[in-house]
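Data block below; observations after.
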Amino acid sequence: MTRAWLRRNGWAWNEEVEVIPGTTELMWQGRRIPAFELPLTAPVSGTVYGVALNDAEALARLDAVFHGPPYNRPPQAPVLYIKPANTVIGPDAPIPVPDGVEQLTVAPALGAVFGRTAARVDEQEALAYVLGYTIVLDVSVPRQDWYRPAVAEQARDGFCPIGPWIVESTAVANPNQLRVEVFVDGERRLAHSTASAVRTLPRLISEVTSFMTLYPGDVLLAGVPADAPLVRAGQRVRAAIEGVGVLENPLVAESQAAAHYTAADARPPVFDLPPDGRWLP
Amino acid sequence: MRRARVAYQGAIHYAIVEEGRLRLPDGRLVGEEEVVWLPPFTPGTAFALGLNYADHAGELAFHPPKEPLVFLKGPNTWVGHRGQTVKPRDVTFMHYECELAVVIGRGGKHISRERAYDHIAGYTVANDYAFRDYLENFYRPNLRVKNRDASTPIGPCLVDKDDIPDAMNLSLRTYVNGELRQEGCTRDMIFDIPFLIAHISQWLTLRPGDVILTGTPRGATPVSVGDEVVTEIDGIGRLVNFVAADG
């Protein structure tokens, strides 16, 4: 049994469950049930940080490009980006394919969910700050350019499915040695290992927290592989990470995606003023 | 109305500025020096603009961008009025950037330029410090330059939109230890506020509490440990920050 935390669709808080390793079943409220019986939403509410070019193969392939303009030299520090709150959706929620966009890349990532405030953390201590792991599908409009931030490509609504749950960190012996697979309509399109990371997760946590505090509930992606599958509206994508679980989402044309939502946004509003700016003491 | 968020006597309060003093929700009136100033609201997603004033773009030897250069900032980066921002030991070029911050009050997607002001709650001042020694040509300006802890002073107050008849004609100034170092006017933005709201909301749904830092004019210069940096926008506020040593 592995301790995990999930969030039922429509609920604003997480509950503790036990998932049964090697199966897609879990113990929920004393009953053993298949996970798909429980509609879920994203189990996190913090900030989601991604890391580009943390894959050794991806970096090696681009080495010549990165020695020329406008880059001039390969990246020295982790290449970070933010997946803002509007991008986060849960398991089975449709990923909207924007009008005028033919294909999207869906990159699987191991998401480290923080359980303690992490600032200026040593590499040796880093994993002690991780509550557990989840699966993140880092969706993007394809772009082969790293010079400017890719907000228009990476930050669209629904471009960051997360789930199905957070498994306790102790259930994952080595986050730098996990098999990652992506299936599109049942066909395997990617087989990858977190072992190909340029920076291991502890190294990454140490470098990131040297200037940026990560708070409980924040998610740091351990990196994305070089050959993320291209997908289009009408397809279903499924990412599996060894020891963590399976996350599946359909891709739906943006104009039709809204109709697929069955529950209100479960993320609590961050704004503490009512929309008209008036006080409600 | 000018709205502040402050810590006072062990609790966090929303307060309203009345003739230089702060009115707490329970009616107490306290002095500005008696409180700890916090960011005046809890920012949601923060969009920041690079090179949005032609004079600043020219100063950095860039051609004015053809479309807005937008980057994002995380919640770790905010610090309130009269707070401290650390200058790391290995940094030479820590530059202030006085910016008008536009706070979204009503969410929406595909907001038209004509309706953009209907979606604004108010305005405040941000000092979007850059630590240019850490610039790299990947997702430039990278988070190490622009998203360090407590490196974006914001405040002192959130000023209601209706109190500012023309946000596109406000003077901005930065003083370091009392000396005027940066001066500009929001009318010189390359992409104006309605354009930015329309542009960003064509990609994604803006939500109440999201904030847009609209860029800085020319005049960025390095600051040193111990400096008092005041970023000021007419009608919006005067935001004070102190540059602190690391460790």
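Not measured: the values here are computed from a predicted model. Chain letters run A, B, ... following the sequence lines, proteins first and then strands; every chain starts at 1.
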Legend entry - Ile95(A) side chain reached by Leu104(A) side chain, heavy atoms, under 4.5 Å: yes

Inset, instruction - Supply the atom-to-atom distance Thr45(B) OG1 to Asp210(B) CG, rounded to the nearest 0.5 angstrom. - result: 4.5 Å

Inset, instruction - For each of Thr47(A), Leu53(A), Leu80(A), Val141(A), tally heavy-atom pairs with chain B at distances under 4.5 Å, and name the one with the top tally. - result: Leu80(A)

Legend entry - Interchain contact, Gln154(A) with chain B, by part (heavy-atom threshold 4.5 Å): side chain

Legend entry - Salt bridge present between Arg207(B) and Asp157(A) (N-O < 4.0 angstrom): no

Inset, instruction - Answer with side chain, backbone, both or neither: which region of Asp149(B) has an atom nearer than 4.5 Å to a non-hydrogen atom of chain A? - result: both

Legend entry - Part of Pro74(A) within contact of chain B (heavy atom distance under 4.5 Å): backbone

Legend entry - Contacting moiety of Asp246(B), where chain A heavy atoms sit under 4.5 Å: side chain

Inset, instruction - Let me know if Arg73(A) has heavy atoms under 4.5 Å from chain B in its side chain, its backbone, both or neither. - result: backbone

Legend entry - Interchain contact, Lys161(B) with chain A, by part (heavy-atom threshold 4.5 Å): neither

Legend entry - Arg120(A) atom CZ: more than 12 heavy-atom contacts under 6.0 Å: no

Legend entry - Top of Gly122(B), Gly107(B), Pro75(B), Ala46(B) for chain A proximity - count of heavy-atom pairs under 4.5 angstrom: Pro75(B)

Inset, instruction - Under 4.5 Å, counting heavy-atom pairs only, tell me which of Leu143(B), Val86(B), Leu69(B) racks up the most with chain A. - result: Leu143(B)

Legend entry - Contact origin within Leu214(A) toward chain B - heavy atom pairs under 4.5 Å: neither

Legend entry - Charged N-O contact under 4.0 Å between Asp160(B) and Arg2(B): no

Inset, instruction - Let me know if Tyr49(A) has heavy atoms under 4.5 Å from chain B in its side chain, its backbone, both or neither. - result: side chain

Inset, instruction - Between chain B and each of Ala119(A), Pro70(A), Ser210(A), count heavy-atom pairs under 4.5 Å; write down the option with the most. - result: Pro70(A)

Inset, instruction - Check Asn142(B), Asn76(B), Thr152(B) against Asn147(B) for a side chain to side chain donor-acceptor pair (under 3.5 Å) and give me the one that passes. - result: Asn76(B)

Legend entry - Minimum side-chain heavy-atom gap Met189(B)-Leu49(B) below 4.5 Å: no

Inset, instruction - Tell me, yes or no, whether the heavy-atom count around Arg115(B) atom CZ, taken from other residues, nucleotides or ligands under 6.0 Å, exceeds 12. - result: no

